[in-house]
2 protein chains.
Amino acid sequence: MSAEATSKSHPRPRRTQAERSLETRTKVCEATLQALIDVGYEQISTTLIAQKAQVSRGALTHQFPARNDMLVAAFQLLVSEWRDGYPFGSDPEREQLTVDELIDALWDNIFSDPRYIAAMELMLAARQDNDLGHALRDILVTWIGNRDKITVRLVGGDVDDDEAGLKVQLHLSILRGIAMHQSFDSDPDTARKLIELWKRIARNA
Amino acid sequence: MSAEATSKSHPRPRRTQAERSLETRTKVCEATLQALIDVGYEQISTTLIAQKAQVSRGALTHQFPARNDMLVAAFQLLVSEWRDGYPFGSDPEREQLTVDELIDALWDNIFSDPRYIAAMELMLAARQDNDLGHALRDILVTWIGNRDKITVRLVGGDVDDDEAGLKVQLHLSILRGIAMHQSFDSDPDTARKLIELWKRIARNA
DNA sequence: GTTTACAAACAGGTCTACCGGTTTTTGACT
DNA sequence: AGTCAAAAACCGGTAGACCTGTTTGTAAAC
């Protein structure tokens, strides 16, 4: 009887080292993002994350020697998901979007995500921590630049036109501001109303 | 020879208890806001604030029994300054502002202030701390509602018109988003350009 | 003389980085 | 195939630093 047949008594599928590492790293990163949403940055500790991730603290500290390494990796994971999913085209063949569609896509897929607020909290908290701050900013710029170019093209603008780039920045700033508003405000409809109002104004501009 | 004449040897102006309390409370609050800007929320401790405020830790803990009391008082001070200064009329007799003037006034006096980002960080960090979060939100709503009404009147809108209120919210959301953008972005001109772009769009809406 | 503000030291708890020991995987060699 | 040493992943405990809330004592104001 071979070993893999006795999975009940020996639940050890013999994974490679890379698989083992990846699994704990992924579990830790996801737990970190969730904890950022659930309990906030201040409460995050390596002990807590290890518990939430169902991982021993030793495994965590092995994969992430310093606490900041863990936070950076979690942020990296989040940004990667945004990057890989962008521009969220249910119709990938379409190369153009109306402004309305762009706004909705950005809001539904990024800015309304509680993880966006979590990322904001992390960015703000890391603002003064030079090591952590630099690491997070580096991760961000690697995709922000690309995202902006894609977005300009998506709405039919010229990539070399500063004005078009600025308009995209304005869209993003507005959604960012509304997302922040939503995180403080109790009324869940306000955000939607603000977006509709902005769409109406943007259409005539 | 009276006591106040010997100020060199006895530097004690004999202040009242209220004056003594107020001075340490003010020093602590201002040091807290500055520390929020300089080192960030995470690094704030009663010990650090006492040092920065040139106040003994005993004095601090006497005035603010719990650490959160200190943070709440600092936030209160900041919001009070915003409230008392609003709407920043260099011409107080004018009861109407153009949209351009309103945007500039809000940006110059609130959103471009580094303390605004500090307040954001504090609000986000307090999101999950129910006691602190409630206290901060209570302070905020006591002036937000009033501010919005004043602002609607200021641009000639009807206070009972939901649409007018929503427009004000949109203005604030945009400025909020730009302020956040500025805190991450290295280019200091972008914020100004975005505001000018928004003014142009808002004028035609 | 009593109350208030200030001062400093203490106790209890938590967190991080590190460390020695254990299990699992790997790859080279027979 | 099977063996076995080295490497990688994992585990739990500890030391040292920090921070908060409290407490005991002193000075100033009332």
Side-chain angles (χ1 to χ4, degrees), chain A residues 2-4 6-7 9-29 31-32 35 39-74 125-126 129 131-132, chain B residues 2-4 6-7 9-29 31-32 35 39-74 125-126 129 131-132:
Chain A
S2 59
E4 56 267 23
T6 62
S7 58
S9 51
H10 281 281
R12 274 178 212 156
R14 180 166 177 98
R15 298 163 300 162
T16 99
Q17 299 285 51
E19 283 169 342
R20 295 214 289 164
S21 284
L22 184 63
E23 184 180 342
T24 66
R25 290 181 72 91
T26 305
K27 284 206 280 191
V28 167
C29 287
T32 302
V39 303
Y41 176 81
E42 194 184 12
Q43 298 293 327
I44 282 185
S45 69
T46 54
T47 311
L48 175 75
I49 298 300
Q51 286 171 356
K52 288 218 172 200
Q54 305 252 50
V55 156
S56 80
R57 210 186 95 81
L60 190 153
T61 62
H62 175 70
Q63 295 292 339
F64 306 103
R67 173 176 160 278
N68 278 356
D69 298 335
M70 176 182 81
L71 296 169
V72 170
D129 184 330
D131 289 337
L132 184 55
Chain B
S2 60
E4 56 267 23
T6 63
S7 59
S9 51
H10 280 281
R12 273 177 214 158
R14 181 167 178 97
R15 298 163 300 164
T16 100
Q17 300 284 53
E19 283 168 342
R20 296 213 292 163
S21 284
L22 184 63
E23 183 180 342
T24 66
R25 291 181 73 91
T26 305
K27 284 206 281 190
V28 167
C29 287
T32 302
V39 302
Y41 176 80
E42 192 183 14
Q43 299 293 328
I44 283 185
S45 70
T46 54
T47 312
L48 175 75
I49 298 300
Q51 285 171 358
K52 288 217 171 201
Q54 305 251 49
V55 157
S56 79
R57 206 184 97 84
L60 190 152
T61 61
H62 175 68
Q63 294 292 341
F64 306 103
R67 173 175 161 280
N68 279 356
D69 298 335
M70 177 182 81
L71 296 169
V72 170
D129 184 331
D131 289 337
L132 183 56

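For the numbers below, each heavy atom of this structure counts, side chains included, while hydrogens, waters and symmetry mates do not.
Rounded to an integer number of Å, the gap from R67(A) CZ to dT14(C) P is 17 Å. Rounding to whole angstrom units, CG of residue L132(B) and P of dT20(D) are separated by 13 Å. As rounded to whole Å, 13 Å separates atom P of dC19(D) from atom OH of Y41(B). In this structure, L60(B) atom CG and dT20(D) atom P are separated by 10 Å, rounded to whole Å. Atoms CZ (R14(A)) and C1' (dT23(C)) sit 12 Å apart, rounded to a whole Å. Across the protein-nucleic acid pair, R25(B) atom CZ and dC6(C) atom C1' stand 15 Å apart, rounded to whole Å. Atom pair Q43(B):CD and dC15(C):C1' shows a separation of 13 Å (rounding to whole Å applied). Remark: P of dA17(C) and CG of D131(A) are 11 Å apart, rounded to the nearest angstrom.
In terms of heavy atoms, A35(A) sits closest to I49(A) at CB-CD1, 3.7 Å. Across all non-hydrogen atoms, the minimal contact from A53(B) to A31(B) is CB-CB, 3.6 Å. In terms of heavy atoms, Q63(A) sits closest to R25(A) at O-NH1, 3.2 Å. In plain terms, the two heavy atoms of A74(A) and C29(A) that are nearest each other are N-SG, 3.7 Å.
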Problem set entry | Summary of protein contacts for nucleotides 3-18 of chain D, nucleotide by nucleotide, where a base hit scores B, a sugar-phosphate-only hit scores S (4.0 Å, heavy atoms) | -----BBBBBB-----

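Taking a 6.0 Å sphere around CD of Q54(A), one finds it holds 12 or fewer heavy atoms contributed by other residues, nucleotides or ligands.
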Problem set entry | Criterion side chain to side chain contact (heavy atoms under 4.5 Å, CB included) on I44(A) and M70(A), from CA distance to verdict | CA-CA 11 Å; I44(A) 282 185; M70(A) 176 182 81; 4.0 Å; yes

Exercise. Going through the checks in order, is the side chain to side chain contact (heavy atoms under 4.5 Å, CB included) test met by D69(A) and V72(A)?
Worked result: CA-CA 5 Å; D69(A) 298 335; V72(A) 170; 5.7 Å; no

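Near DNA chain C, meaning a heavy atom under 4.0 Å away, the residues from residues 46-53 of chain A are T46(A).
Within the 3.5 Å criterion, the main-chain N or O of G40(A) finds no donor-acceptor partner in the side chain of Q43(A).
Between the side chains of T46(B) and R57(B), at least one donor N or O lies within less than 3.5 Å of an accepting N or O.
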